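Inspection log for the structure reproduced underneath, given as structure tokens.
Keep in mind the model is a prediction, meaning the values are calculated, not measured.
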Amino acid sequence: VFAHNLLKLRSGAFVASLSEQNEIGVKQIRLLKFDTLGNTLLFPMIATHYSSYLSDIQEFVDGELVGVGAVLDVGNSDGLVMILSQKLDLLRQEHFGASGMDALYGVKILRDSSFVAVGAHAKRSTQEASMWILGLDRSLRLGSTKEVAATKNAATTSKKSSKNCR
């Protein structure tokens with residue numbers, strides 16, 4: 001079992017995002033909901049065809065959760081987004097990405113219940129990864145996407161911007 005993230009819920013309980021290898025070596029998503037006394041409340045596994053994990057989870061005001069991570073296949077990965085019920089049942093999921101290595105590492109919910117996920121994207125033809133930002137709604141419809149290349153010019157621009165913000 002591998003731990004990826006821990007979230008304190010509005011109720012005071014916690015949800016841990018884990019992954020567990022099944023008998024044929026495929027990583028499955030395992031969630032653990034527990035209270036402050038350490039009592040296990042829920043411990044579901046979300047079975048997937050390909051190795052998958054959720055690197056970050058966040059709670060909507062209504063108690064549903066959004067999780068982001070990756071789906072891994074031989075030589076390729078896609079960003080993974082899941083919407084989960086309060087009881088940690090899978091409601092919706094979507095894979096995002098193209099040929100190459102794509103993964104999502106963090107998610108933040110916005111005021112209108114849409115959310116932004118951030119990760120990395122690397123095309124098969126290059127070894128350079130770019131920062132990848134996705135804007136999505138709760139139906140998992142893509143609102144916007146941006147790829148920021150990790151170049152010397154981009155790094156210089158970032159440094160100048162941060163100096164101006166001080």
Side-chain angles (χ1 to χ4, degrees), residues 2-10 15-19 26-31 46-86 88-166:
F2 304 93
H4 296 283
N5 194 282
L6 180 66
L7 173 69
K8 184 175 183 181
L9 301 172
R10 287 176 174 81
V15 172
S17 171
L18 314 166
S19 56
V26 176
K27 270 189 189 176
Q28 302 295 300
I29 295 168
R30 176 72 85 168
L31 299 167
I46 300 174
T48 56
H49 295 286
Y50 300 103
S51 288
S52 303
Y53 66 89
L54 294 177
S55 56
D56 193 17
I57 48 177
Q58 295 293 316
E59 181 183 23
F60 290 103
V61 174
D62 66 3
E64 286 185 357
L65 303 169
V66 58
V68 299
V71 173
L72 311 166
D73 194 4
V74 178
N76 185 36
S77 71
D78 287 324
L80 173 64
V81 181
M82 291 183 163
I83 302 292
L84 306 162
S85 73
Q86 292 179 26
L88 306 181
D89 296 317
L90 178 62
L91 300 175
R92 289 178 291 288
Q93 77 169 329
E94 191 63 58
H95 301 181
F96 295 93
S99 179
M101 303 306 281
D102 303 297
L104 296 169
Y105 302 115
V107 63
K108 290 296 177 197
I109 299 173
L110 306 175
R111 288 184 191 181
D112 64 357
S113 288
S114 64
F115 53 93
V116 177
V118 65
H121 167 74
K123 296 176 184 162
R124 268 187 205 257
S125 59
T126 180
Q127 294 298 309
E128 276 191 31
S130 298
M131 183 171 68
W132 189 35
I133 303 168
L134 302 175
L136 297 149
D137 66 18
R138 284 178 79 166
S139 299
L140 302 184
R141 285 187 301 253
L142 196 60
S144 62
T145 182
K146 180 151 178 93
E147 191 176 321
V148 181
T151 63
K152 186 175 179 181
N153 290 342
T156 304
T157 304
S158 282
K159 288 178 185 175
K160 287 179 183 175
S161 298
S162 64
K163 285 181 184 176
N164 293 336
C165 294
R166 290 181 190 172

If every non-hydrogen atom of [X] is compared with every non-hydrogen atom of [Y], which pair is closest and at what distance?
{"X": "Gln93", "Y": "Met82", "result": "OE1-CE, 3.3 Å"}
{"X": "Gly67", "Y": "Ile57", "result": "CA-CG2, 3.8 Å"}
{"X": "Leu140", "Y": "Phe96", "result": "O-CZ, 3.8 Å"}
{"X": "Ser19", "Y": "Ser52", "result": "CB-O, 4.1 Å"}
{"X": "Leu54", "Y": "Leu80", "result": "CD2-CD2, 4.1 Å"}
{"X": "Leu72", "Y": "Ser77", "result": "CD2-CB, 3.6 Å"}

Without swapping roles, check the side chain of [X] against the backbone of [Y] for a donor-acceptor pair under 3.5 Å.
{"X": "Asn5", "Y": "Ser55", "value": "yes"}
{"X": "Arg92", "Y": "Val81", "value": "no"}
{"X": "Gln58", "Y": "Gly106", "value": "no"}
{"X": "Thr145", "Y": "Trp132", "value": "no"}
{"X": "Arg10", "Y": "Phe60", "value": "yes"}
{"X": "Asp56", "Y": "Val107", "value": "yes"}

> Where does the angle between the aromatic ring planes of Tyr53 and His4 fall among parallel (under 30°), tilted (30 to 60°) and perpendicular (over 60°)?
Replying inline: parallel
Taking the side chain as everything from C-beta on, heavy atoms only, tell me whether [X] gets closer than 4.5 Å to [Y].
{"X": "Val26", "Y": "Ser51", "answer": "yes"}
{"X": "Leu84", "Y": "Leu90", "answer": "yes"}
{"X": "Leu9", "Y": "Leu65", "answer": "yes"}
{"X": "Val71", "Y": "Thr48", "answer": "no"}
{"X": "Ser17", "Y": "Leu31", "answer": "yes"}

Can you measure from [atom1] ([X]) to [atom2] ([Y]) and round to the nearest 0.5 angstrom?
{"X": "Ser139", "Y": "Leu91", "atom1": "OG", "atom2": "CG", "result": "11.5 Å"}
{"X": "Glu64", "Y": "Glu59", "atom1": "CD", "atom2": "CD", "result": "10.5 Å"}
{"X": "Leu110", "Y": "Leu136", "atom1": "CG", "atom2": "CG", "result": "10.0 Å"}
{"X": "His95", "Y": "Asp102", "atom1": "NE2", "atom2": "CG", "result": "12.0 Å"}
{"X": "Arg138", "Y": "Asp112", "atom1": "CZ", "atom2": "CG", "result": "10.5 Å"}

>> Would you say that more than 12 heavy atoms from the other residues, nucleotides or ligands in this model lie under 6.0 Å from the OH of Tyr50, or not?
In response: no
